[in-house]
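All remarks here apply to the structure that follows.
Proteins come first, then strands; the chains are lettered A, B, ... in the order of their sequence lines, and each starts at number 1. Just so it is clear, the model here is predicted, and its values are computed rather than measured.
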2 protein chains.
Amino acid sequence: MKPSLRDRHAVAVSVDCLVFGYDEGQLRVLLIQRRRPPFEGRWAIPGGFVEDGETLHQAATRELAEETGIRKVFLEELQVFDAVDRDPRGRVLSVAFLALVKPSGLKLVAASDAVRAAWFVLEEVPELAFDHRGILDAGLQRLRADLLRRPIGLELLPRKFTLGQLQRLYEVILNRAFDVSNFRKKILGLGVLQPTQDYETDVAHRAARLYTFDLASYRSLMANGFRAF
Amino acid sequence: MKPSLRDRHAVAVSVDCLVFGYDEGQLRVLLIQRRRPPFEGRWAIPGGFVEDGETLHQAATRELAEETGIRKVFLEELQVFDAVDRDPRGRVLSVAFLALVKPSGLKLVAASDAVRAAWFVLEEVPELAFDHRGILDAGLQRLRADLLRRPIGLELLPRKFTLGQLQRLYEVILNRAFDVSNFRKKILGLGVLQPTQDYETDVAHRAARLYTFDLASYRSLMANGFRAF
DNA sequence: CCAAAAGTGTTCACGGTACACCCATGC
DNA sequence: GCATGGGTGTACCGTGAACACTTTTGG
């Protein structure tokens with residue numbers, strides 16, 4: 001690149017990964033505690049600057065692994081945050097990503113710029129660094145909208161799950177109740193769930209059948225269009 | 001900003017405005033012919049580099065005015081395009097915006113980096129510069145999805161319009177037919193259209209009533225959620 | 001036996017779809 | 001009077017909402 005182009009139009013670009021996880025019947029956000037200024041010690045959404053030669057998606061994946069130890073997650077562009085004064089160091093443009101992780105094997109390993117990494121229930125999220133509260137709000141809105149349009153909720157559940165778990169996930173995230181019978185009919189009618197031969201164990205009531213997500217029929221469903229509720 | 005931050009993480013950032021217009025029963029895209037390399041003489045989506053101290057939205061508005069003379073339009077973030085080799089000059093990250101303009105008073109004034117500015121029907125769009133074909137495809141998909149979710153189509157029509165015009169707009173963009181009676185019922189049932197006392201003139205059939213868009217009820221509709229078809 | 005959640009069936013109301021029909025205007 | 005598109009009414013069907021009921025398991 002000629003120096004002129006970079007000098008005249010350069011902007012520092014960072015990525016921020018808003019990570020949602022679902023565990024113990026609760027939707028949780030992954031936050032890190034900042035090791036360095038600005039906002040040293042304050043909780044924030046994991047992220048960092050884009051390096052030369054990597055795409056934003058790659059940068060987001062890398063930062064997530066570095067700061068929290070999380071790998072292999074669903075990761076999708078959310079929105080750009082570009083208020084000119086959003087970073088006290090100067091003009092920094094941030095591309096926010098929305099990430100969804102399965103609860104199984106969630107071993108958080110804080111490192112790099114992060115002192116700690118921890119999951120927070122929405123109601124207990126502390127004051128955040130930068131404009132990260134805005135990112136969280138935007139991401140939550142997007143998650144709720146997406147849940148109704150595509151089987152994105154499955155990214156938050158283990159490989160095998162019961163319909164009860166899935167229903168509770170919908171109820172918790174959308175903050176509304178569903179009729180058991182109607183929920184089953186609707187979800188199974190979509191044809192994206194594959195029943196297995198396995199059942200729940202050690203529960204104080206009739207054991208529920210476990211289902212898995214059927215990728216093939218998911219694709220054909222998306223090709224057409226899909227609408228839950 | 002400390003030099004170190006800018007030097008190490010700076011990326012050239014541009015905005016591109018994908019502008020759709022609807023006229024004579026056709027959906028059209030606004031393109032400009034590039035005055036300078038790279039891709040000199042090639043048609044492209046209007047856009048340019050972000051200047052210091054302006055937001056992306058401001059930059060998009062400015063570039064659109066400079067290159068085409070268009071002002072006051074609906075303008076919304078579409079998506080970031082960040083392939084590392086998308087610009088032969090080096091790493092340039094582009095934030096694409098989706099713009100919708102009303103056909104009335106469309107005076108195109110090419111200037112700045114643009115030799116010409118012109119409207120193209122989708123089928124006649126030539127080969128485009130950079131990855132602009134991808135931006136166009138993404139924007140079209142977004143426009144179609146949005147049309148079903150919110151009364152965005154009204155941004156493409158003049159202030160007063162007939163239900164027939166609106167229906168044709170939906171049919172052209174979504175490439176499917178709607179039953180006249182059902183379309184009227186559905187749209188009017190939403191309550192976002194205000195009937196006026198005016199009618200079409202000089203048509204070889206019964207004159208159609210003109211409607212306007214009611215912003216107030218639109219807001220309450222969005223607050224809840226809305227679904228056309 | 002009881003509590004608790006899985007799982008099934010039935011009824012009802014609403015909204016989308018299809019289609020038939022009348023109205024107004026220019027040529 | 002005929003073609004053209006505006007505008008209205010109705011009958012049917014599928015889907016979602018509400019709810020009653022049975023099944024299985026642990027305590």
> Is any side-chain N or O of K186(B) closer than 4.0 Å to OP1 or OP2 of dG16(C)?
Replying inline: yes
> Between dG6(D) atom C1' and E200(B) atom CD, what is the distance in whole Å?
Replying inline: 8 Å
>> From the set dT17(C), dT10(C), dG7(D), return the single nucleotide nearest to any side-chain atom of K185(A).
In response: dT10(C)
> Is it the case that more than 12 heavy atoms not belonging to Q141(B) sit under 6.0 Å from its CD atom?
Replying inline: no
> Between R209(B) (CZ) and dA24(C) (C1'), how many Å, whole number?
Replying inline: 14 Å
> Which comes earlier along DNA chain D counting from the 5' end, the contact point of R206(A) or that of A207(B), where each point is its nearest nucleotide?
Replying inline: A207(B)
> Reckon R184(A) touches a base, only the sugar-phosphate, or nothing at all at heavy-atom distances under 4.0 Å?
Replying inline: base
>> Checking side-chain contact (heavy atoms from CB on, under 4.5 Å) between V29(B) and each of V121(B), L122(B), I45(B), which is the one that passes?
In response: L122(B)
> Starting at CD of Q165(A) and ending at P of dA5(C), how long is that distance when rounded to a whole Å?
Replying inline: 13 Å
>> salt bridge (charged side-chain N to carboxylate O under 4.0 Å, His left out) for D131(B) and R86(B)? Distances and angles first, verdict last.
In response: CA-CA 6 Å; D131(B) 55 359; R86(B) 60 178 295 281; 2.8 Å; yes
> Any sub-3.5 Å donor-acceptor pair from Q194(B)'s side-chain atoms to Y211(B)'s backbone N or O?
Replying inline: no
>> Between C1' on dT8(D) and CZ on F183(B), what's the gap in Å once rounded to a whole number?
In response: 17 Å
> Roughly, in whole Å, what's the span from CG in D179(B) to P in dA11(D)?
Replying inline: 16 Å
>> With hydrogens left out and only the distance checked, is there a donor-acceptor pair under 3.5 Å joining S181(B)'s side chain and the base of dG7(D)?
In response: no
>> Could you tell me how far apart H205(A) (NE2) and dC2(C) (C1') are, to the nearest whole angstrom?
In response: 15 Å
>> How many whole angstroms separate atom OH of Y199(B) from atom C1' of dT25(C)?
In response: 14 Å
>> Using whole Å, what does the distance between atom C1' of nucleotide dG16(C) and atom CZ of R176(B) come to?
In response: 11 Å
> Has the side chain of K102(A) got a donor or acceptor atom that lies under 3.5 Å from a matching backbone atom of L154(A)?
Replying inline: yes
> Between N182(A) and G164(A), who's closer to the 5' end of DNA chain C by nearest nucleotide?
Replying inline: G164(A)
